[in-house]
Amino acid sequence: MRHRPGGLAVTAAIIGVLVAIPTLGVLGHLFRPSGEAWRGMAGTVLPGYLLNTLWLLLGVGAGTAFGGIATAWLIVMCRFPGRRFFEWALTLPLAVPAYVLAYVYADFLQFAGPVQTALRDLFGWSAGDYWFPEIRSVGGAIVLFSVAFYPYVYLLARTAFIEQSVCAIDASRTLGAGATESFFRVALPLARPAIAAGVALALMETLADFGAVAYLDVPTFATGIYRAWFSFGDQAAAAQLAAALLLFALGLLLIERTSRASRRFHQATHRYRALPSFHLVGARAWAATAICALPLLIGFALPAAILLRFAVLSGDAQWGERYFVLTRNSVVVAMLVAFFTVALATIIAYAARNERSPLVRWIARLAGMGYAVPGTVIAVGILVPMALFDNALDSWMRSLFGVSTGLLLTGSVAGIVYACVVRFMTPGMQSLEASLARITPGIDGASRTLGAGPFETLRRIHRPMLRGGLASAALIVFVDTMKELPATLMLRPFNFDTLAVQTYNLARDERLAEASTAALTIVAVGVLPIMLLTRAALRARPGHAG
Amino acid sequence: MKAFSGRAVALALVMASSGLAGTAAAEDKVVNLYTGRHYQTDEKLYAEFTRQTGIKINRIEGKEDEIIERIRNEGANSPADVLITVDMGRIWKAEQAGLLAPVKSATLEQRIPSNLRDPEGKWFAFSTRARVLIYAKDRIKPEQVDRYEDLASAALKGKVCVRSSGNIYNLSLLASIIATQGEQKAEEWAKGVVANMARPPQGGDTDQIKAVAAGQCDVAVSNTYYFARILNSTKEDDKAIAAKLAISFPNQADRGTHVNISGGGLVKTAPNKQNGIKFLEYLVSDEAQRYFANGNNEYPVAEVKTDNKVLEGWGSFKTDKVNVGELGRNQAKAQAIFNKVGWK
C-alpha cells in the first residue's frame with residue numbers, strides 16, 4: 001500500500017532519536033581510554049556488583065511473578081473476604097517510591113531499630129543471642145523491590161486472566177481437570193506473555209534503581225556506573241558498564257515485546273461471559289485474604305503507618321507554606337511529563353503499528369531503553385549535549401547579533417521533563433500499545449479508504465477509542481515522575497525543590513523522622529491517580545477498547 | 001474515564017509551568033550558589049545574608065560530584081558564582097578541574113587559619129568537623145580508643161561499627177593516614193579494622209552511634225556533628241542514647257584528630273563575582289560562624305564564642321594538620337586500598 005516513509009514515520013523517527021540521544025550519548029565515551037583507579041576496581045569489587053545485580057534480577061523476577069500471579073488469580077477466579085477491596089487496593093504500593101521503602105525498613109528492622117529493640121527487651125536477649133534477617137542485604141532488597149513492583153504483574157496478569165476465553169477453562173474443567181490443574185495447564189500458559197511483560201517492567205525498574213540499593217548498601221551495576229563516572233571521573237569505564245546494562249535492558253525489552261506480540265494468537269474466541277468463580281470458605285478463604293493482604297501490608301500499609309507516626313511525632317520543621325510549593329513543583333513536572341510522554345508515545349506506538357519498516361520498529365525499541373537506565377546516567381546524557389547546544393547557540397548569537405542567550409535549556413524545567421520523558425517512555429508506551437492492539441486493523445483500513453491520512457485517522461478515529469489507554473498511560477507516568485529523584489536532583493533550576501528532593505535531602509542529613517513528611521506527601525499525592533488508574537483498568541472489559 | 005481533552009490539558013500545563021522557575025534571570029542583586037551542603041538548619045544562614053546585604057541567594061543543592069560535573073559542562077555560561085562542598089577531597093577536585101578562581105580578600109585571610117585555606121585563595125574552609133570515636137561507657141575504657149590505630153588492634157575484635165568505604169568521610173580519613181603513615185601502614189590499618197568489624201559496613205554515622213547504644217558494637221566512627229546533634233536533642237530516645245555513650249578525640253598524644261572541612265570558592269566563570277566574594281566573606285563573619293555551630297553543630301573556623309554547649313563542653317583539641325592537596329591526591333589510593341582489603 002505504501003512504500004515511501006510517510007510523515008508519521010519520519011515524525012516517529014525524529015522523536016525516537018531524541019529520546020535515545022541521552023542513552024547513546026553516554027555510550028559515546030565507550031572508546032575513550034580507561035582510567036587507572038578504575039582498573040583496580042574491575043578486579044576487586046565489580047564481580048560482586050555483577051553478582052548482586054544477577055541475584056536481584058532473579059529474586060525480584062520470581063517475587064513479582066509469584067506475587068502478581070497469585071493475587072491476580074485469586075481476585076479473578078475466587079470469592080473470599082475482602083476481595084472487592086483488594087481488587088483495587090493491590091495497586092497502592094505503586095505510590096511508594098522504592099527508596100522510601102528502603103529508608104523506612106532499614107531503620108525499622110535494623111539492630112537498633114524498634115522491632116529488634118522490642119524483641120531484646122521482651123526476651124532479655126543481647127547482641128549475638130539470636131538470629132534476625134538482615135534488611136540491608138540482597139535478600140532484603142529483593143523483598144522490598146518485589147512488594148514495590150509486583151503491581152505491574154498484578155495489573156497485566158489480572159487483565160490476561162479476565163480476557164482468557166472462558167471456553168478454555170470450561171473445556172479443561174469438562175475434561176476433568178481440577179481448579180489447580182486448569183490453572184497450571186491452561187490459565188497460566190495463556191497468561192504467560194502478559195506476566196512476562198509485567199516482570200520485564202519490574203526488572204527494568206530494578207536495574208535503574210540507585211537510591212534504594214545505595215541506602216541498603218547493596219552495590220549493583222548502577223552503583224558501578226555511578227562510582228566509575230563520579231568517584232573516578234572515568235567516563236569510559238562508566239560507558240562500558242552502561243553498555244553492559246543496556247544489553248540486559250534490551251534483552252528484557254525484547255522479552256517484553258515478543259511476549260506481547262505473541263499474545264494475539266492466544267485469543268481463541270471473541271465470545272466472553274463472566275468467569276465462574278470459586279467460592280472459598282473457611283481456612284482457604286482466609287488464606288486467600290492473607291495472600292492478598294501480605295504484599296499490600298508490606299508495600300503500602302506498614303510503611304505509610306510508620307511514616308505517618310514519624311510525621312506526627314517529629315516531622316519536617318519546614319512543614320507549612322513551603323510544602324505547597326514543593327507539592328506544586330512535583331505535580332506540575334509530573335503533569336508535563338505525563339502529557340509529553342503520552343503524546344510522543346502515541347505517535348511512536350502508532351507508527352510502529354502502521355509502518356512496516358523495521359527501522360521504525362527499532363526506533364520504538366530504542367526509545368524504550370531509558371526505563372532500565374539509572375536516572376543519573378540519563379541526566380548526564382542530557383546535560384552534556386544540552387549544555388553543548390546552549391553554549392554553541394550562545395556564541396553563534398553573540399558573533400552574529402552581539403546578544404548573549406546564556407544557558408537556555410540547561411538548568412531549566414525542560415531538562416527535567418526531557419529526562420523523565422526518556423525514563424518513562426516504556427511504561428507509557430506499554431499501556432498504549434495494549435489498547436491500540438484491541439482496535440482491529442479493519443477500522444484503520446476503513447478510515448484510510450474514506451480518504452483520511454494517518455494523522456487524521458489517529459485524531460478522529462483512534463484518539464476517541466484510545467481514551468482509556470491514554471488515561472492509563474498518563475496516570476502511570478504521572479506517578480512514576482512523582483517518585484523520580486536522581487535526574488531532578490541533577491538537572492533542576494535554582495531554588496526548585498520537589499517532594500522527592502526534600503525527602504532525599506533530609507534522609508541524606510540522617511534526619512529520617514523529618515524526611516517522613518515529604519515522603520508521606522509523595523505517597524498521598526500518588527494514591528489518587530493510582531485509584532483512578534485502577535478504576536479504569538477494572539472497568540476495561542474484554543471486547544471493548546480501553 | 002472522563003473526556004480527555006488534549007488541548008485543555010496542554011493549555012493548563014503551559015499556564016502552570018509559566019509560574020515555575022524563572023528566578024535565575026539577570027538580576028543584579030543575586031548570588032548563585034551551587035552547594036553540597038544539605039543541612040536544613042542552613043536556611044537561617046542564608047536568610048541572614050540576604051537581610052544584611054539585600055542580595056538574594058539562588059541555590060542548587062545536590063551531590064558534590066554531580067554539581068562539579070554540571071558546572072564543568074555548563075562551561076563559560078554557567079550561572080554558578082560560588083561552589084560549596086562538605087569535604088576537602090571534593091573542593092580539591094573542583095580546584096584541580098580548574099573551576100575555581102583565586103580570591104584576594106583581607107577578611108578571609110585574616111579570619112581563616114592558613115592551613116584551612118588555599119594559599120592562592122581558590123578555596124576556603126568555613127567550618128570543620130572532626131572524625132571521632134564514639135564508645136560505650138560501660139564496656140570500653142577511654143584508653144582503649146584514644147588512637148585511630150586502636151580500631152585495628154586485636155583488643156577490639158568484633159566491636160567496631162563503621163560505615164561503607166564509598167563514603168567520602170571515610171575516604172578522607174584513610175587519605176590522611178596514607179599521608180602521615182604511608183600506604184603500607186594504611187593498608188594494614190584498613191585490614192585490621194575490617195577484621196574487627198561487628199557487622200558489614202551499613203547505614204550512616206547516626207546508625208553507627210545507635211548501634212553502639214543498642215549493644216551491637218562497642219565503638220563507632222562518626223563525624224562530630226552527628227553525635228552533637230544527639231547530645232543536643234530534646235527527644236527522649238536521643239537522651240537515652242546519649243546517656244550510654246562517650247566521645248574520644250583520637251591521637252591527641254601524637255599527630256592529632258583527623259578534621260574535615262566544609263569549604264567553598266568562587267567559580268571562575270562567576271557572573272556575579274563581587275556578590276560571590278561578599279558571600280564568602282559573610283560566611284566568616286561572627287554571625288555566620290555562629291550559625292555553623294549553633295545550627296548544625298559544626299566547628300567555626302574563626303575565633304568566636306558560640307552558644308553550643310556541647311561543642312564548648314568538648315573544648316579545643318589537637319588536629320591533624322595534614323596538607324589538603326595531599327588528601328585530595330590520596331582519595332583514589334584510599335578507595336583502592338578499601339577495595340583491596342574488602343571494606344565494603
Side-chain angles (χ1 to χ4, degrees), chain A residues 37 40-41 44-45 106 110-112 116-117 126-127 136 217 219 227 230-232 314 317-318 329 332 335-336 339 343 376 379-380 383-384 387-388 390-391 394 404 406-407 410-413 463 467-468 470-471 474 489-490 492-496 501 505-506 508-511 514 532 536 546, chain B residues 1 3-4 6 9-10 12-13 16-17 19-24 26 32 38-40 43 58-63 65-67 69-70 73-79 93 164 166 198-207 210-211 213-217 226 235 331-332 335-336 339-340 342 344:
Chain A
M41 198 176 173
T44 52
V45 289
Q110 69 180 345
F111 184 87
Q116 290 201 52
T117 305
S126 54
R136 285 180 156 118
D217 289 302
R227 285 204 182 163
F230 293 107
S231 304
F232 292 110
S314 46
Q318 293 181 339
N329 288 351
V332 171
M335 281 170 73
L336 284 166
F339 175 77
T376 315
V380 175
L383 178 65
V384 175
L388 268 177
D390 278 345
N391 282 315
D394 177 73
S404 170
L407 297 178
T410 315
S412 70
V413 174
R463 204 186 64 176
R467 250 174 213 160
L470 287 169
L489 199 60
M490 190 162 176
R492 69 212 159 105
F494 284 116
N495 313 320
F496 187 84
V501 169
N505 273 340
L506 286 167
R508 183 175 170 223
D509 194 19
E510 306 188 1
R511 292 176 188 266
E514 285 94 325
L532 287 174
Chain B
M1 293 307 309
F4 195 90
V9 172
L13 292 177
S17 63
L20 296 171
T23 40
N32 296 329
H38 46 264
Y39 313 112
Q40 207 175 36
E43 295 293 336
N58 287 320
R59 247 187 312 155
I60 295 172
E61 285 168 347
K63 306 185 195 177
D65 289 324
E66 293 176 11
I67 288 174
E69 189 73 14
R70 180 161 165 181
N73 276 291
E74 286 175 340
N77 283 309
S78 176
K93 184 174 160 186
S164 77
R199 60 175 186 191
Q202 55 168 248
D205 283 358
T206 307
D207 291 320
K210 286 181 177 172
Q216 193 173 20
C217 35
Y226 291 116
K235 289 184 205 164
Q331 298 266 333
Q335 185 70 67
N339 287 347
K340 196 170 157 196
K344 215 177 91 180

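Owing to the predicted nature of the structure, the values given are computational and were not obtained by experimental measurement. Just so it is clear: chains get the letters A, B, ... in the order the sequence lines come, proteins before strands, and each one is counted from 1.
For the atom pair CG (A:Asn495) and CD (B:Glu61), the distance works out to 9.5 Å, reported to the nearest 0.5 Å. In this structure, the separation between CZ on A:Arg227 and CG on B:Asp65 is 11.5 Å, given to the nearest 0.5 Å. With rounding to the nearest 0.5 Å, the separation of CZ in A:Arg136 from CZ in B:Arg199 is 7.0 Å. With rounding to the nearest 0.5 angstrom, the OG atom of B:Ser78 is 9.0 Å from the CG atom of A:Asn391. Here the CG atom belonging to A:Asn505 is positioned 8.0 Å from the NE2 atom belonging to B:His38, to the nearest 0.5 angstrom.
For the residue pair A:Phe111 and B:Gln216, the shortest heavy atom distance occurs at CB-OE1, 3.0 Å. In terms of heavy-atom proximity, A:Ala112 sits nearest to B:Ala211 at CB-N, 4.2 Å. Of all heavy-atom pairs between A:Ser404 and B:Asn77, the closest is OG-OD1, 4.5 Å. Taking each heavy atom of A:Arg508 and B:Gly62 in turn, the nearest pair found is NH1-O, 3.4 Å.
Between chain A and the residues B:Arg59, B:Lys93, B:Lys210, the most heavy-atom pairs under 4.5 angstrom are made by B:Arg59. No other option in A:Leu407, A:Leu489, A:Thr117 has as many heavy-atom pairs under 4.5 Å with chain B as A:Leu407. Among the candidates A:Val380, A:Asp509, A:Thr410, the residue making the largest number of heavy-atom pairs closer than 4.5 Å to chain B is A:Asp509. Of the listed residues A:Val501, A:Asp390, A:Asp394, the one with more heavy-atom pairs under 4.5 angstrom with chain B than any other is A:Asp394.
The part of B:Lys344 that comes within reach of chain A is its side chain, from C-beta onward, which places non-hydrogen atoms under 4.5 angstrom from that chain. Within the 4.5 angstrom heavy-atom criterion, only side-chain atoms of B:Ser164, from C-beta onward, approach chain A. For a residue to count as touching a neighbouring chain, one of its non-hydrogen atoms must lie under 4.5 Å from one of that chain's; by this rule B:Gln331 does not touch chain A. With a 4.5 angstrom heavy-atom cutoff, A:Thr376 touches chain B only via side-chain atoms. With a 4.5 angstrom heavy-atom cutoff, A:Gln110 touches chain B only via side-chain atoms. Looking at B:Pro200, neither its backbone nor its side chain comes within 4.5 Å of chain A, counting heavy atoms on both sides.
With sequence neighbours left out, A:Leu506 forms a side-chain contact (heavy atoms from CB on, under 4.5 Å) with A:Asp316, A:Gln502, A:Arg511, A:Glu514, A:Ala515, B:Gln40.
At a threshold of 4.5 Å between non-hydrogen side-chain atoms, the residues A:Asp217 and B:Pro201 do not count as touching.
Of the possible polar contacts, one joining the B:Arg70 side chain to the A:Met490 backbone as a donor-acceptor pair under 3.5 Å is found. Although no hydrogens or angles enter the test, the distance criterion places a donor-acceptor pair under 3.5 Å between the side chain of A:Glu510 and the main chain of B:Asp205.
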